[in-house]
Amino acid sequence: MTPQVIAIDGPAGSGKSTVAKALSERLGWSFLDTGAMYRAITAEALDKGIDASDADAIAIIASIANIETIPRVTINGRDVTDQIRTPKINQAVSAVAAIKAVREQMVERQRQFADDQPIGTVVEGRDISTVVFPSATLKVYLDADLSERAKRRGDEDEDELGSRDRADSTREASPLRQAEDATVIDTTNLTVEQVVEAIVKCLK
Ligand code: DC
């Protein structure tokens, strides 16, 4: 039997990671944070002195990188769990995630990860229900007001978060958008438990 996938997309701070993790624990499924993969490549590139706009060099890094996201985020065996949440990475990651060749590499690995899981995976990102798993068991789009999203992130102010959202939604390669058949949940005034509950109800 093909392992199942719950695909969760949405802008930064919409609650994707927290909800996806809690949902995976509730269901006993695996969890995949695809943003962490793009962030790990960004960390590797910057550490090697490569600019986020150097698409060819970054594509090479992505093609040979060994990336793990659980239990810690590592790239080529180096733990970058804390580093990938720093302002430097926040600012550069959208440019790296816009590189088509990088996306192709990551999409392939994300599909392989899901294929390897015993029951199913809760996968969160920007293009999960539109590109990576268009036949997902369930597609969810989480959103929240910009001010609430900035409050949740803490490390990014509204301007920064807004410009990252714009970059992620207007890029040519697999921009963030709602899948037509996605369940849309506005998480602005909901707790994590309420969002998880709403998603579990959709599964029944
Ligand atoms: O979810 P996050 O903030 O950790 O994601 C970091 C960046 O990676 C985000 O600015 C957009 C990009 N991203 C993407 O383009 N596609 C994904 N599936 C996940 C993240």
Side-chain angles (χ1 to χ4, degrees), residues 5-21 24 31-46 52-53 55 58-59 61-62 65 67-70 72-73 75 80-114 121-134 136 139-144 146 148-179 182 187:
V5 167
I6 296 177
I8 304 184
D9 291 306
S14 56
K16 296 185 308 288
S17 290
T18 318
V19 165
K21 196 155 189 289
S24 70
F31 163 59
L32 182 61
D33 171 357
T34 62
M37 300 171 76
Y38 293 100
R39 285 173 180 272
I41 292 168
T42 307
E44 183 76 354
L46 296 188
S53 62
I58 295 178
I61 289 183
I67 303 172
E68 304 283 341
T69 57
I70 295 250
R72 305 280 295 174
V73 182
I75 182 156
V80 290
T81 311
D82 299 326
Q83 186 191 349
I84 61 167
R85 306 289 163 196
T86 57
K88 228 168 119 182
I89 303 293
N90 288 341
Q91 281 152 23
V93 67
S94 284
V96 168
I99 302 168
K100 197 163 168 259
V102 171
R103 302 201 70 80
E104 285 167 359
Q105 288 285 338
M106 293 308 108
V107 168
E108 207 180 298
R109 292 168 192 223
Q110 290 153 15
R111 289 180 179 148
Q112 190 61 54
F113 180 95
T121 311
V122 182
V123 189
E124 61 100 342
R126 301 294 189 292
D127 58 341
I128 307 306
S129 44
T130 52
V131 175
V132 190
F133 298 105
K139 301 177 182 181
V140 179
Y141 188 92
L142 298 186
D143 209 348
L146 178 60
E148 174 62 24
R149 294 193 286 111
K151 204 159 75 189
R152 287 178 189 167
R153 293 303 280 233
D155 56 344
E156 277 180 290
D157 64 23
E158 283 191 30
D159 286 350
E160 231 179 66
L161 208 65
S163 59
R164 192 147 70 89
D165 285 347
R166 263 189 306 284
D168 296 338
S169 329
T170 56
R171 68 180 177 220
E172 203 173 309
S174 326
L176 166 67
R177 62 180 179 82
Q178 280 176 25
T187 68

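Atoms within each ligand, like the ligands themselves, are counted from 1 in listed order.
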Enquirer: Kindly identify the option in Arg171, Arg39, Met106, Gln110 whose heavy atom sits closest to atom 6 (C) of ligand 1.
Expert: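 The option holding the nearest heavy atom is Arg39.
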Enquirer: Quick check against the 3.5 Å criterion: does Lys88 have a side-chain atom that pairs as donor or acceptor with the backbone of Gln83?
Expert: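 Answer holds: no.
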Enquirer: Output the list of atoms in ligand 1 that are nearer than 4.0 Å to some heavy atom of Arg153, sorted by atom number.
Expert: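 What qualifies from ligand 1 is 3 (O).
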Enquirer: So that I can tick it off, tell me whether Arg85 and Asp33 are bridged by a salt bridge, with the cut-off set at under 4.0 angstrom between side-chain N and carboxylate O.
Expert: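 Here Asp33 pairs with Arg85 in a salt bridge, since their nearest N and O are under 4.0 Å apart.
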Enquirer: Is the backbone of Ala173 close enough, under 3.5 Å, to the side chain of Lys100 for a donor and an acceptor to pair up by distance?
Expert: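 A pair under 3.5 Å: no.
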Enquirer: For the atom pair OG1 (Thr34) and CD1 (Ile8), what is the distance rounded to the nearest 0.5 Å?
Expert: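 Here the rounded value is 11.0 Å.
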Enquirer: For atom 7 (C) of ligand 1, which candidate among Val93, Ile41, Val96, Thr130 provides the closest heavy atom?
Expert: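 The residue whose heavy atom sits nearest atom 7 (C) of ligand 1 is Val93.
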Enquirer: At less than 4.0 angstrom from any non-hydrogen atom of Arg85, what atoms of ligand 1 do you find?
Expert: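 So the answer, numbered in order with elements, is 4 (O).
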Enquirer: Between Met37 and ligand 1, which part of the residue brings a heavy atom under 4.0 Å of the ligand: side chain, backbone, both or neither?
Expert: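 Contact part for Met37 vs ligand 1: neither.
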Enquirer: Need the ligand 1 atom indices (1-based, order shown) with element for anything under 4.0 Å from a heavy-atom of Gly125.
Expert: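 Heavy-atom distances to Gly125 below 4.0 Å select 17 (C), 18 (N), 19 (C).
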Enquirer: With the threshold set at 4.0 Å, does a side-chain nitrogen-carboxylate oxygen contact exist between Asp168 and Arg171?
Expert: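 Judged by the 4.0 Å cut-off on N to carboxylate O distance, Asp168 and Arg171 do form a salt bridge.
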Enquirer: Taking CD in Glu108 as the centre, count heavy atoms belonging to other residues, nucleotides or ligands within less than 6.0 Å. Is the count above 12?
Expert: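 Result for CD/Glu108: open.
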Enquirer: Would Gln91 count as a contact residue for ligand 1, given that I'm defining contact as a non-hydrogen atom of the residue lying under 4.0 Å from a ligand atom?
Expert: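 Contact absent.
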Enquirer: Starting from atom 16 (N) of ligand 1, which protein heavy atom do you reach first, and at what distance in Å?
Expert: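 Atom 16 (N) of ligand 1 sits closest to the protein heavy atom Arg103 NH2, 2.9 Å.
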Enquirer: Tell me whether Glu160 is salt-bridged to Arg164, with the criterion being a basic N under 4.0 Å from an acidic carboxylate O.
Expert: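 The answer is no: the pair does not qualify as a salt bridge.
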Enquirer: So, regarding Asp33 and ligand 1 (criterion: nitrogen or oxygen to nitrogen or oxygen, under 3.5 Å), is there a contact or not?
Expert: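 Between Asp33 and ligand 1 (N or O atoms, distance only) the closest approach is not under 3.5 Å.
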Enquirer: In the protein, what heavy atom is nearest to atom 20 (C) of ligand 1, and what distance, to one decimal place, separates them?
Expert: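 Checked against all protein heavy atoms, atom 20 (C) of ligand 1 sits closest to Gly35 CA, 3.5 Å.
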Enquirer: Going by the atom numbers of ligand 1, which of them fall below 4.0 Å from some non-hydrogen atom of Ala97?
Expert: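 Close to Ala97: 12 (C), 15 (O).
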Enquirer: Among Arg111, Glu104, Gln105, exactly one meets side-chain contact (heavy atoms from CB on, under 4.5 Å) together with Val107. Which residue is that?
Expert: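 Only one option passes, and that is Arg111.
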Enquirer: Counting from 1, what ligand 1 atoms have a heavy atom of Ser94 closer than 4.0 Å?
Expert: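 Near Ser94, the atoms of ligand 1 are 10 (O).
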Enquirer: Salt bridge check, Arg72 against Glu68: does any charged N sit closer than 4.0 Å to a carboxylate O?
Expert: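 No salt bridge links Glu68 with Arg72.
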Enquirer: Tell me the protein heavy atom at minimum distance from atom 11 (C) of ligand 1, and give that distance in Å.
Expert: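 Checking every protein heavy atom, the shortest distance to atom 11 (C) of ligand 1 gives Asp168 OD2, 3.3 Å.
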Enquirer: Is Arg126 touching ligand 1 with its side chain, its backbone, both, or neither, if touching means heavy atoms under 4.0 Å apart?
Expert: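 Both of them.
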Enquirer: What is the closest protein heavy atom to atom 19 (C) of ligand 1, and at what distance does it sit?
Expert: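 Heavy-atom neighbour on the protein nearest atom 19 (C) of ligand 1: Thr34 OG1, 3.3 Å.
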Enquirer: How close do Tyr38 and Val96 get, heavy atom to heavy atom, and via which atoms?
Expert: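 That closest heavy-atom pairing would be O-CG1, 4.2 Å.
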